[in-house]
Structure formats: C-alpha cells, structure tokens
Visitor: 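I have a structure here, written as structure tokens, and I will follow up with some questions on it.
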Amino acid sequence: MKKSFSFLIGSIGLVTIAFIVLGLVFEKDENEKQNGLTGIYDVSIDGSIAYVAFDQGKAGIYLPDGNEKPVIELPVDQTILDISFSKDGKKLAYVVSDKEMSRSSKSEVHLLQMETLADQLVFHEKALITELAFDPKDSELLFYLQAETFTNYSPVAGERPHDFDVHSIHLKENEHTKYTDLKKYNMQSMQVSATNESVYIQMDDDEHVQSAEDVFASKQRIFEIPLAAPDEKIVISDPAGEEDLYDFHLLPEREEIVYQAVGGTGPNGIFEYELFSYNWKTHETKQLTNLKEHASKPVAGPDNRIYFLVDRQFGERQPLYQLYRMSEEGKDIEEVLLK
Amino acid sequence: MNQVFQRFVEGIVKETDSNQEEREDLYEELLSHLECSFIDYKKQGFTEEEAMRTAMTNFGEEREIGQQLQQAMYPYRREMMLGLSVASLLLAYGVYLSQLFVMGDAHIPWLVVAVLSSTALLLITVRPISSLNRRLWMNSLLLIHIMIFFYGLLLATDVYHPMSIGLTIIAGLILLLAVVLVYRTTIYDYSSNRQPWAKDAKRIHFINISTGIVIILITLFFLWAFLLFSSEISPAFFLLLIPLGLWILSYTSQMQLLAKQQKKWAYTIVFIQTAVVVCAIGYWLLGTIGGMA
C-alpha cells in the first residue's frame with residue numbers, strides 16, 4: 001500500500017515535470033501564433049490576386065501562381081499593413097511595420113516588380129503608414145495614409161494610429177507631397193480617382209461637432225477630397241444616411257459606391273456586416289449581400305466582378321477570412337480559392 | 001495484550017477521516033469493546049492468547065472495519081474526495097495540454113499549483129492526517145482548490161471550440177463538487193463542539209456559505225470589470241473588497257453569538273445580512289432590466 005502510494009505520487013511528479021518540459025519546448029510567442037489569410041489583398045488589371053497571409057506568425061505576400069511559398073516573407077515581429085497593385089499590374093507596393101505597434105514604430109514602403117519579383121525599398125518613415133493606393137492615371141504616383149500619432153484618446157480605448165493625412169510619393173522623382181492637414185481621428189479605404197485630381201476616403205463626418213455627444217452622434221461617411229483644395233471635400237455617400245459606412249470601392253462608370261455597413265444583428269448579438277451599393281445620381285441604395293456574416297473589403301476586378309472577404313469567425317479571437325466574388329448587382333456569389 | 005489491542009485499534013481508527021478528538025473517542029470505544037470481548041472469551045475458558053486472537057478475529061479485519069466505520073460516519077465522503085482529486089488532476093493536465101498545443105500557451109505556474117492542490121486532496125484522502133482533518137484546514141484546502149480551478153475553468157473556456165465545451169463542463173462539475181464538499185465539511189462532517197445548538201449552527205452555516213458564494217462571485221465580476229477598464233490599481237480597488245470583509249465579520253459574529261447562546265441576535269444578523277444581499281441583487285437586476293428596456 002505504502003509502496004503503491006509512493007509510486008502514485010512519484011508518477012504524478014514525473015508526469016508534471018514532463019509536461020513542464022513540453023511547455024518550455026512548445027510554448028509559442030504571441031507573434032508566432034497567427035496563421036491564415038489576413039484582410040489584405042488586391043486584384044490587378046489582369047485578374048491576378050495578391051494577398052497577405054500568416055504562416056506560423058510570419059507575414060507573407062502570396063500570389064496564387066501555384067507556388068505555395070510567399071514571394072515576400074517577413075520576420076515574426078513585423079507585418080504588412082497594406083498592398084496595392086499599380087494600374088498596369090506590373091508593380092505591387094506594400095508597407096511593412098511592427099506587429100506590436102508603438103509610438104516609435106516605423107513604416108517601410110517597398111515595391112515589388114511583378115515580372116522579376118525584385119524587391120526594392122522605396123522609403124521609410126518614422127510614422128505609421130496604414131494604406132497605399134496607386135494613382136490609376138500615373139503608375140509612378142503612390143498615395144499613402146500616414147498617422148502622426150499612436151495613442152489612445154479615451155481611457156477605455158486601446159492605443160491606435162490617429163491624426164491621419166493624405167500623402168504621396170512620386171516613385172521616379174522620389175518626391176513626397178502632403179495634400180491634407182486634417183489630422184483625422186481615422187481614415188481608411190483610400191481610393192484615387194481615375195479621372196479627377198482627387199482621392200476618396202472613409203472618415204468621420206465630424207466637421208461641425210462641438211460637444212462629446214456630437215462626436216458620438218457623428219457618422220462615418222465617404223468623402224471626395226480634391227487634392228488641390230482639400231478643404232472643399234464633399235460627402236459622396238448618402239449625406240443624410242443614418243448608418244456608418246466602412247470599407248468601400250468606387251465604380252465611377254456606374255456612378256456607384258459599393259460599401260460595407262451593418263446589415264443586422266445575429267442571434268448572438270454580434271453585428272452582421274453586408275455589402276451595399278449606393279448610386280450618387282439616383283440616391284438609390286441596394287443590399288448586395290445577405291450572408292449574415294462579416295463581408296468586407298470590396299475590390300473591383302477586371303472581369304466586372306466585385307471581390308470581397310467574408311470573416312467566418314467574426315467576433316471570435318482569430319478571424320477566418322475567405323475570398324468571394326460576385327457581379328456588380330450582387331448576383332452569382334462564388335468563393336475564390338486561393339491555395 | 002493491551003499493546004496488541006492498541007495497535008489493532010490504531011489500525012482501524014487510522015482508516016477514518018476523523019479529527020484528533022473524534023479519533024480519541026473512537027479509539028477508547030473500540031478498545032473497551034475489544035477488552036470486554038476478551039474478558040468474555042476468557043470466562044468461556046479460552047486461554048489469554050486464544051481469547052485475544054478470537055476477540056480480534058471476531059471483530060474483523062482492521063482495514064475493512066476502518067473503512068466500514070468511515071462509510072458509516074462520513075457516507076461517500078472519501079469517494080467524493082477521491083473523485084475530486086483524480087478528476088482535478090486529469091483536468092489540470094487536459095487543460096494545460098490543450099492550452100499548450102492548441103493555443104500555444106504554457107501555463108506552467110497554474111499547472112504546478114493545480115497539481116499540488118489536487119495531490120494534497122488525494123494525499124489526505126488516501127492517507128488521512130488526523131491533525132489536518134479539522135474543518136478549518138479542510139475548508140481552506142477546498143477553497144484554495146476552488147480558486148485554482150476557477151482559473152482553470154477560465155483557461156478551459158479560452159480554448160477553441162469544440163474542445164472548450166467538454167473541458168468547461170468538467171471544470172464546472174469539479175467546482176460544483178468542491179462547493180458541495182465545503183457545505184458538507186462545514187455542516188455535516190465536522191461539527192463544532194463549541195456550539196450548543198447544532199441544528200441552528202448548521203442552518204446558519206448553510207445560509208452564510210450560500211451568501212458567501214454569491215458575494216465572492218459578484219466581487220470577482222466587479223474586480224474583473226475594474227481590471228479591464230483600469231490601467232492602474234487605485235484605492236477604489238480595495239473598496240470592492242468591503243462586501244467580502246463585511247460578510248466575514250458578519251459570519252464570525254453570528255457563530256460567536258450562537259456559541260454564547262445569543263440565538264436571537266445571531267438570527268437577527270443573519271436576517272439583516274440576507275436582506276441586504278437580496279436587496280442589492282434586486283436593485284441591480286431592476287437597473288439591468290430598466291437599462292435594457
């Protein structure tokens with residue numbers, strides 16, 4: 001009895017020590033845990049899709065060319081914040097920053113030549129560059145959104161990049177231009193006009209707010225900002241709309257915006273995000289998707305199809321993105337298999 | 001003869017979960033029973049050696065008798081304790097490995113304390129230590145075990161679905177079993193000799209343990225919310241511990257008053273304490289329902 005009891009206690013001790021050793025060997029750093037597709041992708045003029053995915057925490061740019069290896073792979077402590085194809089599809093710009101962003105985080109903008117896969121550092125900045133967009137009129141002009149601060153403006157909010165403005169770099173002349181001095185709380189989903197000298201950006205419609213209540217009541221809308229006169233920006237989404245608009249893509253030939261907004265609330269209380277279209281001539285709004293999940297990031301492809309992401313695990317710890325496409329009327333939704 | 005009987009009785013008593021005082025009473029009773037039996041056999045013409053052997057043989061095998069006494073005095077207590085310790089050990093390993101291989105996190109300090117706590121329960125179940133079988137020690141160990149495995153429950157819920165479902169259910173059952181053992185340890189298994197009114201003491205213990213569980217859960221919820229929204233520890237943090245402190249004070253005073261035969265005052269405090277908790281919960285529920293409306 002005494003022997004068997006000592007054996008039992010000894011076994012518990014040995015098993016515990018073995019598990020501790022296993023823990024020390026197999027424990028992963030926070031930076032090594034991410035896997036799978038991120039919400040960052042772009043579609044080129046020839047229909048090629050470039051996307052950013054994590055493999056054991058390493059962010060990489062993948063091209064669905066049959067090669068399962070990424071064309072660019074970063075160390076586990078860095079991430080890719082955005083990618084953008086040039087109009088001719090020959091260049092892919094991407095921006096690299098720290099995974100754990102801080103006030104001292106820097107950004108590096110790179111250029112990948114699609115034919116040779118040669119990678120070139122274009123410039124680096126002691127600030128966070130969160131989005132890139134090539135000018136469809138000039139493949140040498142790359143626009144970017146730069147945040148001047150990384151802080152939390154509210155004690156209940158986490159630290160985030162703020163004080164955004166629109167910048168550009170001329171790749172040949174290496175000349176930077178700052179177009180706006182708005183210091184916006186947030187800017188996203190930047191798109192450069194194919195016809196005018198203007199950019200389209202989603203941001204808070206908080207121009208005339210005075211009190212904290214006004215700030216909370218302000219809506220997120222889509223603005224057109226003329227580059228020559230940024231103060232003359234105008235709202236191009238429904239100016240009287242009561243809903244917040246998030247990601248969007250402009251379809252100028254249809255005079256429409258495809259945008260993401262809340263479509264409803266699921267049985268578990270989590271918002272369902274759908275894609276809608278808004279015609280700025282007829283002021284007609286149409287719901288394109290009814291997936292009751294989290295549709296986001298609409299991008300127009302060369303085949304008159306709208307590409308978009310669906311997060312199958314929205315509201316959970318890790319997202320699970322899948323790429324879909326549909327007609328501009330929201331029909332024939334099909335999954336695009338990337339790997 | 002006396003030494004042989006003493007060793008025999010010690011072997012029986014050792015098998016029970018009784019405390020030192022109860023063991024001494026049981027020891028005396030069994031020893032006297034054996035001695036009477038020995039005298040009877042001697043009167044029947046047995047030699048001293050034969051009378052001693054027959055008395056012990058007819059009494060039964062030490063371990064078996066001890067276990068029968070244990071079952072009679074504390075029905076299913078040992079099985080419950082054994083079940084709690086073994087299930088806790090298996091859950092500790094299961095949660096740790098799931099967290100390690102599914103989530104990539106090695107919760108080594110938690111594994112160590114969970115294994116130590118479960119092994120301590122196993123140890124005092126298989127090899128009862130009389131000096132430890134006091135209500136205070138047993139409840140302290142069970143409460144520490146509950147806190148460790150409450151954290152284990154949170155770790156279990158943290159693992160990806162569907163693995164988290166099974167682990168969470170098992171963790172919940174372990175906590176439930178530990179809480180039931182706190183109730184039975186306090187109310188049934190180890191009653192205090194200081195209390196003249198045993199029935200009233202049981203009743204007051206039951207009410208206080210139930211109130212204590214509610215207060216601890218509410219305090220933990222507010223502590224969690226406080227830590228979630230506060231970047232640093234402020235004096236307000238300690239204000240959250242006031243209800244818990246008041247409950248400990250109220251519980252202690254009730255038992256003191258009951259021991260001093262001040263039954264009326266003890267029940268008055270029980271009533272006030274319960275009314276305050278019920279009103280606070282009612283106020284909070286009304287506020288929540290009002291907020292939702």
Side-chain angles (χ1 to χ4, degrees), chain A residues 1-36 54-58 76-77 99 102-103 151-160 265 268-270 311-320, chain B residues 11 14-15 62-63 66-67 82 85-86 88-129 155 157-162 164 225-232 234 292:
Chain A
M1 174 71 185
K2 202 171 182 177
K3 262 190 183 175
S4 60
F5 187 70
S6 304
F7 176 75
L8 180 69
I9 299 294
S11 305
I12 291 170
L14 279 176
V15 170
T16 309
I17 290 167
F19 283 2
I20 290 170
V21 174
L22 280 179
L24 294 172
V25 174
F26 290 103
E27 186 175 29
K28 284 183 185 166
D29 185 78
E30 265 325 295
N31 282 335
E32 296 170 340
K33 289 179 184 172
Q34 293 148 302
N35 272 307
F54 284 112
D55 179 25
Q56 305 285 325
K58 284 183 272 189
V76 288
D77 58 341
K99 231 182 229 181
S102 68
R103 281 158 212 230
T151 187
N152 53 329
Y153 281 132
S154 158
V156 294
E159 289 188 313
R160 301 243 187 294
T265 309
N268 48 7
I270 294 176
D311 181 359
R312 297 276 179 206
Q313 290 181 176
F314 181 65
E316 293 179 31
R317 191 200 326 249
Q318 295 274 353
L320 178 63
Chain B
K14 205 170 70 179
E15 292 296 321
E62 293 156 73
R63 228 177 128 213
Q67 283 170 357
L82 208 59
S85 54
V86 173
S88 301
L89 261 178
L90 294 177
L91 181 86
Y93 291 139
V95 168
Y96 174 80
L97 290 178
S98 310
Q99 276 283 342
L100 179 61
F101 291 113
V102 180
M103 312 305 296
D105 293 320
H107 294 275
I108 294 171
W110 178 77
L111 176 75
V112 172
V113 290
V115 168
L116 282 176
S117 164
S118 308
T119 311
L121 286 173
L122 186 67
L123 188 77
I124 59 165
T125 306
V126 180
R127 296 218 160 271
I129 306 164
L155 290 179
T157 56
D158 186 52
V159 183
Y160 288 131
H161 285 283
S164 65
F226 188 89
L227 291 172
L228 196 69
F229 291 108
S230 173
S231 52
E232 55 191 37
S234 74
M292 283 165 74

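Within every chain, numbering begins at 1; the chains are lettered A, B, ... in the order of the sequence lines, protein sequences first and strands thereafter.
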Visitor: Name the region of B/Leu89, side chain, backbone, both or neither, that has any atom closer than 4.5 Å to a heavy atom of chain A.
Guide: side chain
Visitor: Does a sphere of radius 6.0 Å around NZ in A/Lys99 hold more than 12 heavy atoms from other residues, nucleotides or ligands, not counting ones at 6.0 Å or beyond?
Guide: yes
Visitor: With sequence neighbours left out, write down each residue that passes side chain to side chain donor-acceptor pair (under 3.5 Å) with B/Ser117, or none if nothing qualifies.
Guide: B/His145
Visitor: Rounded to the nearest 0.5 Å, what separates atom CZ in A/Phe5 from atom CG in B/Leu122?
Guide: 5.5 Å
Visitor: How far does NE2 of B/His107 sit from CD of A/Glu27, to the nearest 0.5 angstrom?
Guide: 8.0 Å
Visitor: Chain B heavy atoms under 4.5 Å from A/Glu32: which part of the residue, side chain, backbone, both or neither?
Guide: neither
Visitor: What residues, two or more places apart in sequence or in another chain, satisfy salt bridge (Lys or Arg N to Asp or Glu O under 4.0 Å) together with A/Arg160?
Guide: none
Visitor: Tell me the closest heavy-atom pair linking B/Tyr96 and A/Ile20, and the distance in Å.
Guide: OH-CA, 3.7 Å
Visitor: For side chain to side chain contact (heavy atoms under 4.5 Å, CB included), just list the numbers for A/Glu316 and B/Tyr160, CA-CA rounded to whole Å, side-chain angles, deciding distance to a tenth of an Å, and then say yes or no.
Guide: CA-CA 9 Å; A/Glu316 293 179 31; B/Tyr160 288 131; 5.7 Å; no
Visitor: Which atom pair, heavy atoms only, marks the closest approach of A/Thr16 to B/Val115?
Guide: OG1-CG1, 3.5 Å
Visitor: What residues of residues 8-15 of chain A sit under 4.5 Å from chain B when you count only heavy atoms?
Guide: A/Leu8, A/Ile9, A/Ile12, A/Val15
Visitor: Once salt bridge (charged side-chain N to carboxylate O under 4.0 Å, His left out) is applied, what residue pairs with a partner in residues 101-125 of chain B remain, sequence neighbours excluded?
Guide: A/Lys33-B/Asp105
